[in-house]
Amino acid sequence: MKMKKLILCLVAMTGMLTLSAQRAYDIPFPILGGELSNSAATSVADIDAVMPRMRTLGLNTVLVPAYWELMEPTEGKFDFTLIDQTIDVARQEQLHVVFLWFGAWKNSMSCYAPGWFKKDTKRFPRAMTAEGKPMEIASCFSDHVLQADLKAFSALMRHIKERDPQREVVVMMQIENEIGMLESARDHSPLAEKAYRQERWAERYGTDEYADEKFMALSYARYVEHLAKAARGIHDMPLYVNAAMNSRGRRPGEYPSAGPLAHLIDFWHEGAPSIDLLAPDIYDTGFKSWAAQYAIPLRPQDGGKVKNRLFIPESRCCENSGVRALYAFGEHQALGFSPFAIDQASAEETVSVTKAYDLLRQVFCIPSMREGREGSWGLLFDQDDHERIIDDDGVVITCRHYFTLPWDPRATDGTTWPEGGAMLIRLGTYDYLLAGSGVVVDFKTPSEKQQSEYRQLGEDGFVEAGADSQRQTARDKVFKGKRLGLLSVDEVTITDDGTIQYLRRHNGDQTHQGRHARIGVGEWKVLHIRLYEY
């Protein structure tokens, strides 16, 4: 598919992206992304090899590091060879780019600062622990650190504007990477202590490690704001910062303290108002919970805007990545999704991304998505969290993991269930699309759901022996109300203009004789489901 044709299809997402006036939602397509491993773009040969592969995986956007140490190896002398090559090859491959500024900090540490910066600790001082141990973390309280970082980042933004003035390739910038303090909740260097006292922080917030983290969050945000404001004045485009999660019961300093974490969002918004998005890097379990913390709505009286739009720039690249992408877009209308180190992942890990992105491209072309109408949900299930019930204005939709069906031997062979997930979209009354893998969905009226009994059914549709032994006899009950049935379940494909094209009818064994619609584990399909009442 040619780029112009692809953009016409993906612009269908524009209606969903205009929930806010923030610049991040000016991007007229969903970011179906992948982030390169840290050293994948450190030479021209690497860029030439890796970018074409990203297109074959089905990405439309590649997240690429921009390395301060390679861009300014000698102070004041800049080399943009790698930046130029990335832009040129991406343009040739019809890909977009999000550059990741590996500047003063990368995963908290200042490992990507140039050698001349690292060695001059007098001019560019380090952060310190409370015990006075210097860290390989530049102090954000040093104006010399800020000015050196700002100079390099500004030079990068000016150069990108020269090479890509219309933002045809470079669509967004990440400032720093997983910023935050380690070993201590905050910096205790002399410059940091001076700022702490001037803020009278202890009197305002207390002296525990969580008060220290808030102080450091505001300080980091103020630093980042200098870079963001400069970028706005040079080449205005969406800007974001990413966060390493505060997971597994860790305390501030055991994770990168004071980064753009959900519980610190107010401090980051205060200190860095020019930043459009705070973005989570999700590697731990509990994907849905982490995503929800960053998909933050405002009150209805705020005009339907969002406080923070979900964008996931890093997620573990694994066999579950594809269904997680479908969930993020379906449930939270995410701006984008991006598995990390996708260039190093195995085919078994990337195939779900390719399959899911193909489904998402189709789904984003349908008129209801193009017009930004409400009515989509994300489904994501595993062995422990395997059911969700949705009440869609009188249609009760029970969604489950495919392995909750009784006949697939993989459900009970002792192995961990792969995640199942999908995007469920309401097209109209009694009219739905289901796009995904490893899910089963049935539809009932509220009264039918209330009166329904669960009975274990075999693949033939008959009750398993003894499963209804305690069921009351028919004369003890009188069914009230109406029921919903499957009028049709069609496997379909969706064209660039949003036309739903029939592939095959699912019925009989494929719908359990009209009981549900389902997509098996390992299958990737779009189903058009129409209901009727009786």
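Hydrogens, waters and symmetry mates play no part in the numbers below; they use all other heavy atoms, side chains included. In this chain, residues are counted from 1 in sequence order.
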- Can you tell if the side chain of Leu335 reaches within under 4.5 Å of the side chain of Leu310, non-hydrogen atoms only? no
- Report the residues that fulfil side-chain contact (heavy atoms from CB on, under 4.5 Å) with Pro52, sequence neighbours left out, ordered by chain and then residue number. Val89, Glu93
- Task: Could you walk me through whether Asp187 and Arg126 pass the salt bridge (charged side-chain N to carboxylate O under 4.0 Å, His left out) test, one step at a time?
- Result: CA-CA 9 Å; Asp187 183 0; Arg126 305 292 183 87; over 6 Å; no
- Ala195 backbone acceptor or donor facing Trp201 side chain under 3.5 Å: no
- Item | Qualifying residue, where the test is salt bridge (charged side-chain N to carboxylate O under 4.0 Å, His left out) with Arg324 and the options are Glu319, Glu419, Glu331 | Glu419
- Message: Can you list everything that forms a salt bridge (charged side-chain N to carboxylate O under 4.0 Å, His left out) with Lys194? Sequence neighbours excluded, please.
- Response: none
- Query: Side chains of Asp496 and Arg361: does their closest heavy-atom pair fall under 4.5 Å?
  - Reply: no
- Nearest 0.5 Å please: distance from the CG atom of Leu70 over to the CZ atom of Phe102. 11.5 Å
- Query: Roughly how far apart are Arg222 CZ and Trp268 CH2, rounded to 0.5 Å?
  - Reply: 12.0 Å
- Between the CG atom in Asn242 and the CD1 atom in Ile175, the distance rounded to the nearest 0.5 Å is 11.0 Å
- Query: Is a side-chain N or O of Asp281 found less than 3.5 angstrom from the main chain of Arg316, in a donor-acceptor match?
  - Reply: no
- Centres of the Phe99 and Phe80 rings: under 6.0 Å? no
- Query: In chain order, what residues pass the salt bridge (charged side-chain N to carboxylate O under 4.0 Å, His left out) check against Arg197, with sequence neighbours excluded?
  - Reply: none
- Do Arg91 and Asp164 sit within salt-bridge range, that is, some charged N less than 4.0 Å from a carboxylate O? yes
- Pair listing, salt bridge (Lys or Arg N to Asp or Glu O under 4.0 Å) test, anchored in residues 254-269, at least two apart: Asp266-Lys307
- Task: Apply side-chain hydrogen bond (donor to acceptor under 3.5 Å, both in side chains) to the pair Ser274 and Glu225, showing each step before the final yes or no.
- Result: CA-CA 6 Å; Ser274 297; Glu225 176 66 7; 2.7 Å; yes
- So, do Val171 and Val98 sit near enough that their side-chain heavy atoms are less than 4.5 Å apart? yes
- Task: Compare every heavy atom of Thr121 with every heavy atom of Lys118, then report the nearest pair and how far apart it is.
- Result: O-CG2, 3.5 Å
- Query: Tell me, do Met128 and Met135 make a side-chain contact under 4.5 Å, heavy atoms counted?
  - Reply: no
- Message: So, using side-chain contact (heavy atoms from CB on, under 4.5 Å) as the criterion, who are the partners of Ala356 when residues are at least two apart?
- Response: Leu326, Trp524
- Query: How many angstroms lie between atom CD1 of Ile282 and atom CH2 of Trp290, to the nearest 0.5 angstrom?
  - Reply: 8.5 Å
- Inspect the contact between Lys151 and Glu75 and indicate whether a charged nitrogen and a carboxylate oxygen are less than 4.0 angstrom apart. no
- Is the Phe329 to Phe337 ring centre distance short of 6.0 Å? no
- Item | Note, Leu100 side chain near Glu35 side chain (heavy atom, < 4.5 Å) | yes
- Message: Could you report the tightest heavy-atom contact between Ser437 and Val323, atom names first, then the distance?
- Response: O-CG1, 4.0 Å
- Item | Of all pairs that satisfy ring pair (Phe, Tyr, Trp, His ring centres under 6.0 Å), the ones with a partner from residues 339-359, not counting sequence neighbours | none
- Item | Closest heavy-atom pair and its distance - Thr207, Ala202 | CG2-CB, 3.7 Å
- Residue list, side chain to side chain donor-acceptor pair (under 3.5 Å) with Tyr210, at least two apart or on another chain: none
- Note on the structure: Of Tyr223, Phe141, Phe124, the one forming a side chain to side chain contact (heavy atoms under 4.5 Å, CB included) with Leu146 is Tyr223
- Nearest atoms (heavy-atom pairs only) where Cys317 meets Ile342: SG-CG1, 4.2 Å
- side-chain hydrogen bond (donor to acceptor under 3.5 Å, both in side chains): pairs with one or both residues in residues 100-112, sequence neighbours excluded: Asn38-Lys106, Trp101-Asp149, Asn107-Asn177, Asn107-Glu178
- Query: Between the main-chain N or O of Arg200 and the side-chain N or O of Glu203, is there a donor-acceptor pair closer than 3.5 Å?
  - Reply: no
- Task: May I ask you to say whether Arg232 pairs ionically with Asp276, meaning some side-chain N is under 4.0 Å from a carboxylate O?
- Result: yes
- Message: Looking at His159, I want to see if its NE2 is surrounded by more than 12 non-hydrogen atoms of other residues, nucleotides or ligands under 6.0 Å.
- Response: yes
- Query: At what distance, to the nearest 0.5 angstrom, does SG of Cys140 lie from CE of Met181?
  - Reply: 9.0 Å
- Answer whether the closest heavy-atom distance between the side chains of His188 and Thr129 falls below 4.5 Å. no
- Using atom types as modelled and distance alone, determine if a side-chain donor or acceptor of Arg53 lies under 3.5 Å from a backbone N or O of Asp343. yes
- Ring centres under 6.0 angstrom apart (Tyr205, Phe215): no
- Message: The test is side-chain hydrogen bond (donor to acceptor under 3.5 Å, both in side chains); show your working for Ser376 and Gln333 and say whether it passes.
- Response: CA-CA 8 Å; Ser376 77; Gln333 295 76 52; 3.2 Å; yes
- Query: About how many Å separate CG of Asp382 and CZ of Phe287, when rounded to the nearest 0.5 Å?
  - Reply: 12.5 Å
- salt bridge (Lys or Arg N to Asp or Glu O under 4.0 Å): pairs with one or both residues in residues 40-50, sequence neighbours excluded: none
- Heavy-atom pair with the smallest gap, counting every atom of Leu36 and Val64: CD1-CG2, 4.0 Å
- Message: With side-chain hydrogen bond (donor to acceptor under 3.5 Å, both in side chains) as the criterion, how do Glu213 and Tyr255 come out once you've worked through the C-alpha distance, each side chain's angles and the decisive distance to 0.1 Å?
- Response: CA-CA 11 Å; Glu213 183 181 35; Tyr255 61 81; 2.8 Å; yes
- Message: Could you tell me if the side chain of Val62 sits less than 4.5 Å from the side chain of His96, heavy atoms only?
- Response: no
- So, His332 versus Tyr294, ring centres under 6.0 angstrom or not? no
- Query: Is a salt bridge present between Glu199 and Arg204, judged by a nitrogen-to-oxygen distance below 4.0 Å?
  - Reply: yes
- Should Glu314 and Tyr283 count as side-chain neighbours, where that means a heavy-atom distance under 4.5 Å? yes
- Query: Partners of Arg163 by salt bridge (charged side-chain N to carboxylate O under 4.0 Å, His left out), sequence neighbours excluded?
  - Reply: Asp84, Asp88
- Query: Leu359 and Ala435: which non-hydrogen atoms are nearest, and at how many Å?
  - Reply: CD1-C, 4.1 Å
- Qualifying residues under ring pair (Phe, Tyr, Trp, His ring centres under 6.0 Å), relative to Phe381, sequence neighbours excluded: none
- Message: Asp284: which residues meet the salt bridge (charged side-chain N to carboxylate O under 4.0 Å, His left out) condition with it, sequence neighbours left out?
- Response: Arg248
